[in-house]
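Everything numeric in this text was worked out from a predicted model, so none of it was measured.
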Amino acid sequence: MEVMQVLHMNKGDDENSYAKNSKVQSKIISLGKRINEEAIMQMLCSNIPDIMGIADLGCSSGPNSLSVISEITDIIYAKCRELGRPTPELKVFLNDLPHNDFNFIFGSLPAFYDKLKKEKGSDFGPCFVSATPGSFYGRLFPSRSLHCVHSSSSLHWLSQVPAGLESNARTAMNKGKIYISKSSSLCVLEAYSLQFQKDFSSFLKSRSKEIVPGGCMLLSFMGRRSTDPTTDESCYHWELLAQALMSMVSEGLVEKEKVDSFNAPYYGPCVEEMRLEIEKDGSFSVNRLETFEIDWDGGVDDVDTTSGAALRGQRVAKTIRAVVESMLESHFGKDIMDELFRRYGEMVEGYLSKTGTKYTNLVISMVRN
């Protein structure tokens, strides 16, 4: 599987689109707001450049894409007013893989610019927004061109399926599973860990060249509190998806070999793994590193009712479908998607009715040395 070719959130704004099913990601952005504000304010206290480069890596599409930029511009506007300084010109770069639905974002820009002008006046900025397609595991921008880099709900995606677990591998190493599970062998766990180390190291190396000294980097992505990669907080949403696929295998609706040869290009690291790579790189100093728990559906108020549990399962299924359908469809085909996610929703409903498992999200702010 070529991740760059097949990984993208569901496009458009229909019922299965990412635009309509990204409440979890919106909640994650809101939880990181305080840390982001602190980091940007601290950076602006030491220097307000005439032209400020800002990048949102893994911007996706839908309402969340420009909400992050709106928050950053709010922080810059407030700090400049406090200091009695004119706001800098803002060069905003929205990055994601080439098949991202950038057109959806472009269609939202006129309203974004109108809101900026209405709330902050014609003297703010100006603000120039553009797209930069490509993988953030390599260079994307000129040297020392960025002052603030943000990335939310993206760095848990790997650049590739770990070596030895690709769909064309001679021997299936993770049979009946599509990600790390409690039954996965040690070699599977090591393959995922090594791929994360390689990717995160490449990410840090690339950003260290692009961010000016004193610039800030704000990251949030799925991870885990435990050092055990098989813990439920990190991988059970994948386990249930594998179970849904295997139930279809048992009925002859999906070939078992198809399941055995699929492994998700995803990894939820622990805090220790992140710190190790940051220390090895040496280009950044960590200001804050915190963990937050997130409900699988982003948090709703109707889960105490019988119908609420069912609705919650459906919401989780729609959220996951909006994110992973492009990858699954490229491997298993389009025809099984409706049935697969119907079963997945039922399994999630049963699981969440008996457990309080939540996602763990890691939030980190760093300064370029």
Ile336 CD1 to Leu253 CG distance, which is reported to the nearest 0.5 Å: 8.5 Å

Neighbour count above 12 (heavy atom, 6.0 Å) for Lys182 NZ: yes

Exam field: side chain Lys91 to backbone Ser130, donor-acceptor pair closer than 3.5 Å: no

Atom pair CD/OG of Glu38 and Ser365 - distance to nearest 0.5 Å: 6.0 Å

Side chain to side chain, Pro265 and Val161, heavy atoms closer than 4.5 Å: yes

Check: Asp101 side chain, Met9 main-chain N or O, donor-acceptor pair, under 3.5 Å: no

Under 3.5 Å donor-acceptor, Ser65 side chain and Cys59 backbone: yes

Separation of Lys79 NZ from Cys45 SG (nearest 0.5 Å): 3.5 Å

Residue Asp123 excluded, over 12 heavy atoms near CG under 6.0 Å: no

Between Asp96 and Ser60: side-chain donor-acceptor atoms closer than 3.5 Å: no

Donor-acceptor contact below 3.5 Å, side chain Thr360 vs main chain Gly223: no

Distance in Å, Ser67 OG paired with Ile29 CD1, rounded so as to fall on 0.5 Å steps: 4.5 Å

Under 3.5 Å side-chain donor-acceptor pair for Tyr351 and Gln243: no

Donor-acceptor contact below 3.5 Å, side chain Ser201 vs main chain Lys198: no

Arg321/Asp338 under salt bridge (charged side-chain N to carboxylate O under 4.0 Å, His left out): CA gap, chis, key distance, verdict: CA-CA 10 Å; Arg321 180 173 185 170; Asp338 288 343; 2.7 Å; yes

The single option from Leu97, Val3, Val323 passing side chain to side chain contact (heavy atoms under 4.5 Å, CB included) against Trp157: Val323

Electrostatic pair Asp295:Lys358 at N-O distance under 4.0 angstrom: yes

Cluster link Val324 to Leu158, ILVMFWY, side chain under 4.5 Å: yes

Exam field: side chain Ser145 to backbone Pro142, donor-acceptor pair closer than 3.5 Å: yes

Plane angle bin for Tyr192 and Tyr179 - parallel if under 30°, tilted between 30 and 60°, otherwise perpendicular: perpendicular

Pair Asp199-Ser159, side-chain donor/acceptor within less than 3.5 Å: yes

Heavy-atom donor-acceptor pair, Arg139 side chain to Phe141 backbone, under 3.5 Å: yes

Thr171 OG1 to Leu165 CG distance, which is reported to the nearest 0.5 Å: 11.5 Å

CG on Leu94 to CG on Asn100, rounded to 0.5 Å: 9.0 Å

Parallel, tilted or perpendicular: rings of Phe136 and Phe203 (30°, 60°): perpendicular

Gln197/Ser193 under side chain to side chain donor-acceptor pair (under 3.5 Å): CA gap, chis, key distance, verdict: CA-CA 6 Å; Gln197 292 171 35; Ser193 178; 3.1 Å; yes

Ring geometry between Tyr267 and Phe196 (parallel below 30°, tilted from 30 to 60°, perpendicular above 60°): tilted

Test item: Leu204 and Met366 side chains (from C-beta on) under 4.5 Å apart, heavy atoms: yes

Any donor-acceptor N/O pair, Arg368 side chain to Ser208 backbone, under 3.5 Å: yes

Side-chain donor-acceptor pair present, Ser353, Glu349, cut-off under 3.5 Å: no

Flag for Ser247-Arg343: side-chain donor and acceptor within less than 3.5 Å: yes

Residue Lys33 excluded, over 12 heavy atoms near NZ under 6.0 Å: no

Over 12 foreign heavy atoms within 6.0 Å of NZ, Lys256: yes

Ser184 and Asn174 side chains, donor-acceptor separation under 3.5 Å: yes

Salt bridge (charged side-chain N to carboxylate O under 4.0 Å, His left out) evaluation trace for Arg275 with Glu272: CA-CA 5 Å; Arg275 282 194 181 277; Glu272 290 81 0; over 6 Å; no

Parallel, tilted or perpendicular, as decided by the 30° and 60° cut-offs, for the rings of Phe106 and Phe102: parallel

Parallel, tilted or perpendicular: ring planes of His237 versus Tyr359, cut at 30 and 60 degrees: perpendicular

Exam field: side chain Thr355 to backbone Leu352, donor-acceptor pair closer than 3.5 Å: no

Donor + acceptor pair across side chains of Glu325, Asn10 (<3.5 Å): yes

Heavy-atom neighbours of Asp14 CG exceed 12 at 6.0 Å: yes

Donor + acceptor pair across side chains of Ser261, His331 (<3.5 Å): yes

Lys/Arg N to Asp/Glu carboxylate O, Arg342 vs Glu339, below 4.0 Å: yes

Between His150 and Asp56, a side-chain donor and acceptor under 3.5 Å: yes

Arg225 atom CZ, neighbour heavy-atom count above 12 within 6.0 Å: yes

Non-hydrogen side-chain atoms of Lys120 and Lys115 separated by less than 4.5 Å: no

Backbone of Ser234 reached by a side-chain donor or acceptor of Thr231 within 3.5 Å: no

Side chains of Gln25 and Ser153, donor plus acceptor under 3.5 Å: no

